[in-house]
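Single-structure report; data block below.
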Amino acid sequence: MGRRGGLRAGAGFLVLGPAISALLVVTGCDRSGGAPHTAPAPTPVPAASRSAAPGPASAASDAGLCSRLVAHWSRRVLDSGTYGDYQSMGLSNGQYEILRDVVDAARAAQQSQGDTRVDKLIDRQARRACTERYRDGTPSGGPWQ
């Protein structure tokens, strides 16, 4: 110990040195008898399933995701009667505006129509508004828009 109660300058190496050495030895070994570790080769994907696999995000998938999120949260808001924070819902500011419009229309329809018609209205309104929002790809007002 040093004069102020801390470790001496070389004492840190005495503690950390063996720990680091042990870590290097353990991580350097594998079950193949010391051969270097390589990742297994990827399994080839048949051409038929490659074409069906989802590609990078597109305007259609962004609009579809928006529509599903807005429809889900619209139903939750109608059931609870209160809105949550748009970020806790996983919505952007623009999607939250769509949600508020959809819920307003659904509340007005709920008084005169049944739940089945309101569900269809929610789906239709959310799909229409989200398709319009993402018609040219992602909105250009920043990720929060």
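Numbering of residues begins at 1 and proceeds along the displayed sequence.
The aromatic rings of Tyr96 and Tyr86 lie tilted to each other, with the angle between the two planes from 30° to 60°.
Closest non-hydrogen pair, Val102 versus Ser74, comes out as CG1-OG, 3.4 Å.
Enclosure of atom CG in Asp115 is not indicated, since only 12 or fewer non-hydrogen atoms of other residues, nucleotides or ligands lie within 6.0 angstrom. Heavy-atom contacts from other residues, nucleotides or ligands closer than 6.0 Å to CZ of Arg75 number more than 12. Counted within 6.0 Å of CZ on Arg117, heavy atoms from surrounding residues, nucleotides or ligands total 12 or fewer; the atom is thus considered open.
Taking 4.0 Å as the cut-off between side-chain N and carboxylate O, Asp123 and Arg68 do not count as a salt-bridged pair. A salt bridge is absent between Arg100 and Glu97: the closest approach of a Lys/Arg side-chain nitrogen to an acidic carboxylate oxygen does not fall below 4.0 angstrom.
Leu78 contributes atom CG, which lies 5.0 Å from atom CD1 of Ile122 (distance to the nearest 0.5 angstrom). Going from atom OG1 of Thr116 over to atom CG of Leu121 covers 12.5 Å, rounded to the nearest 0.5 Å. Between atom CD of residue Gln113 and atom CG of residue Asp119 there is a gap of 11.5 Å, rounded to the nearest 0.5 Å.
Between the side chains of Gln125 and Arg128, at least one donor N or O sits under 3.5 Å from an acceptor N or O.
Within the 4.5 Å cutoff, side-chain heavy atoms of Val77 are placed close to those of Met89. Side-chain contact between Cys66 and Val70 is present, with at least one heavy-atom pair separated by less than 4.5 Å. Looking only at side-chain heavy atoms (C-beta outward), Thr131 and Ser67 stay at 4.5 Å or farther from each other.
For the pair Trp73 (side chain) and Leu99 (backbone), a donor-acceptor distance under 3.5 Å is absent.
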